[in-house]
Amino acid sequence: MRKPIIAGNWKMYKTVAESVDLVNRLKESLKEVFASKIDVVVAPVYTSLYAVSKVLSGHWIALSAQDVFWEMEGAYTGEVSPIMLKDCGCSYTIIGHSERRQYFGETDETVNRKLRAALQAGLYPIVCVGETLNEREQGETFQVVDRQVRRCLAEVSPADMQKVIIAYEPVWAIGTGKTATPEQANEVHAFIRDLVFRLYGTQVADQLRIQYGGSVKPENTKGLMEQPDIDGALVGGASLKADSFTAIVMGALAAMGKG
Ligand code: PGA
């Protein structure tokens, strides 16, 4: 059975002090949870990573960045390398979030370069894919997701693929309050798993964890997580408060024992 993974994407919110406060609250509210049952990851802004890593030192909650660059060092003003993320305590990084694609010129090609660099440095990449509202309305969802997955995973070996997490985030559901129904989401998750099966075979496809993202909240977590191909959530807004993020982790645990 795949271990569920719940990640909180804090986006461009929270000062260092606020980040430290939130993670301290999470340590407290999740203290009854068995780390062996679920992976929980938080992704603060760059400026908070180091301070949060100190608070999480030795704790099972893992640290993620929200983006990464594809070179290990060099004259790349403003960028942060995968080695530097490892150095300040990250074990994961989100790559290719739709906001980066929309506002910062991220493409499947840059996502692929970042993904391979992250793997090389020993980070677990959370790679985001998903269609826009217009693409869904045009009936292009599967075509778009197929293209994104293939291009983002180009030249990734089967061994490395075992460290990759894919987040399916329909762009129309992010920050809008509109969640895909569990069935709508699962349909795309199953499609992604089948594509990974065709590219990498049964073992990699069976163990691949695919998160859903887009207006995940305590009320809809269990229904989503009960779907056979949904293995976790990438949570934006509802990850900014300890009580709602904790309720989402609990919802995921309650859905376990599925299929
Ligand atoms: P949301 O964001 O939960 O606020 O919709 C999800 C995301 O952007 O990862």
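Numbers here simply count residues along the sequence, with the first being 1. Counting convention: from 1, in listed order, for ligands and their atoms alike. Just the heavy atoms: all of them, side chains too, but no hydrogens, waters or symmetry mates, feed the values below.
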*Asks:* Taking N or O atoms only and a 3.5 Å limit, does I174 qualify as a polar contact for ligand 1?
*Replies:*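 No, since none of the N or O atoms of I174 sits under 3.5 Å from an N or O of ligand 1.
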*Asks:* Could you tell me whether R25 and E28 make a salt bridge, using a distance below 4.0 angstrom between a side-chain N and a carboxylate O?
*Replies:*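 Result for this pair is no, no salt bridge flagged.
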*Asks:* Just jot down the ligand 1 atoms closer than 4.0 angstrom to any heavy atom of S215, in number order.
*Replies:*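 Per the distance check, 1 (P), 3 (O), 5 (O).
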*Asks:* For ligand 1 and T176, I'd like to know whether there is a polar contact (N/O to N/O, distance under 3.5 Å).
*Replies:*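 In fact, backbone or side chain, T176 has no N or O that close.
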*Asks:* Which one holds for N9 and ligand 1: side chain close, backbone close, both close, or neither close, with close meaning a heavy atom under 4.0 Å?
*Replies:*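 The side chain, only.
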*Asks:* Run the contact test for A238 against ligand 1 with a 4.0 Å cut-off on heavy atoms, strictly below, and give the result.
*Replies:*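 Under 4.0 Å: no for A238.
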*Asks:* Which residue and non-hydrogen atom of the protein lie closest to atom 9 (O) of ligand 1, and at what distance in Å?
*Replies:*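 Heavy-atom neighbour on the protein nearest atom 9 (O) of ligand 1: E169 OE2, 2.7 Å.
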*Asks:* Output yes when E226 and K222 qualify as a salt bridge under the 4.0 Å nitrogen-oxygen rule, no when they do not.
*Replies:*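 Yes, E226 and K222 are salt-bridged.
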*Asks:* Which heavy atom in A51 sits nearest to a heavy atom in V20, and how many Å separate them?
*Replies:*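 It is CB-CG2, 3.9 Å.
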*Asks:* Hey, is ligand 1 close enough to G237 that some N/O pair sits below 3.5 Å?
*Replies:*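 N/O-N/O distance under 3.5 Å: yes.
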*Asks:* Mind listing the closest non-hydrogen atom pair of A238 and V216 along with its distance?
*Replies:*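 Of all heavy-atom pairs spanning A238 and V216, the closest is CB-O, 3.5 Å.
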*Asks:* Taking both backbone and side-chain atoms of G175, is any N or O found less than 3.5 Å from an N or O belonging to ligand 1?
*Replies:*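 Between G175 and ligand 1, an N or O pair is found under 3.5 Å apart.
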*Asks:* If you count the atoms of ligand 1 from 1 in the order shown, which ones are under 4.0 Å from a heavy atom of H97?
*Replies:*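 Under 4.0 Å from H97, ligand 1 has these atoms: 7 (C), 8 (O), 9 (O).
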*Asks:* Can you check salt bridge (Lys or Arg N to Asp or Glu O under 4.0 Å) on R101 and D108, steps first, answer last?
*Replies:* CA-CA 9 Å; R101 293 177 189 257; D108 293 332; 2.6 Å; yes
*Asks:* Mark up the atoms of ligand 1 that fall under 4.0 Å of a heavy atom belonging to K11, in ascending order.
*Replies:*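 Selected atoms, number and element: 2 (O), 7 (C), 8 (O).
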*Asks:* Quick check: do P182 and N220 have side-chain heavy atoms less than 4.5 Å from each other?
*Replies:*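 Not in contact.
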*Asks:* Do D67 and K114 come close enough that some side-chain heavy atom pair is under 4.5 Å?
*Replies:*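 Touching, per the 4.5 Å side-chain cut-off.
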*Asks:* Might you point out which heavy atoms bring V156 and L115 nearest each other, and give the distance in Å?
*Replies:*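 Between these two residues, the closest heavy atoms are CG2-CD2, 3.7 Å.
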*Asks:* Between C90 and L123, which heavy-atom pair has the shortest distance, and what is it?
*Replies:*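 Minimum heavy-atom separation between C90 and L123: O-CD2, 3.4 Å.
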*Asks:* Can you sort out which atoms of ligand 1 are near A173, meaning under 4.0 Å from one of its heavy atoms?
*Replies:*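 Atoms satisfying the 4.0 Å criterion: 5 (O).
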*Asks:* Looking at G214, which atoms of ligand 1 are within less than 4.0 Å of one of its heavy atoms?
*Replies:*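 What qualifies from ligand 1 is 5 (O).
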*Asks:* List the closest protein heavy-atom neighbour of atom 3 (O) of ligand 1: residue, atom name, distance to the nearest 0.1 Å.
*Replies:*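 Residue, atom and distance for the closest contact: G236 N, 2.9 Å.
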*Asks:* Select one of side chain, backbone, both or neither to describe which atoms of S239 lie under 4.0 Å from any atom of ligand 1, heavy atoms only.
*Replies:*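 The answer is neither; S239 stays 4.0 Å or more away.
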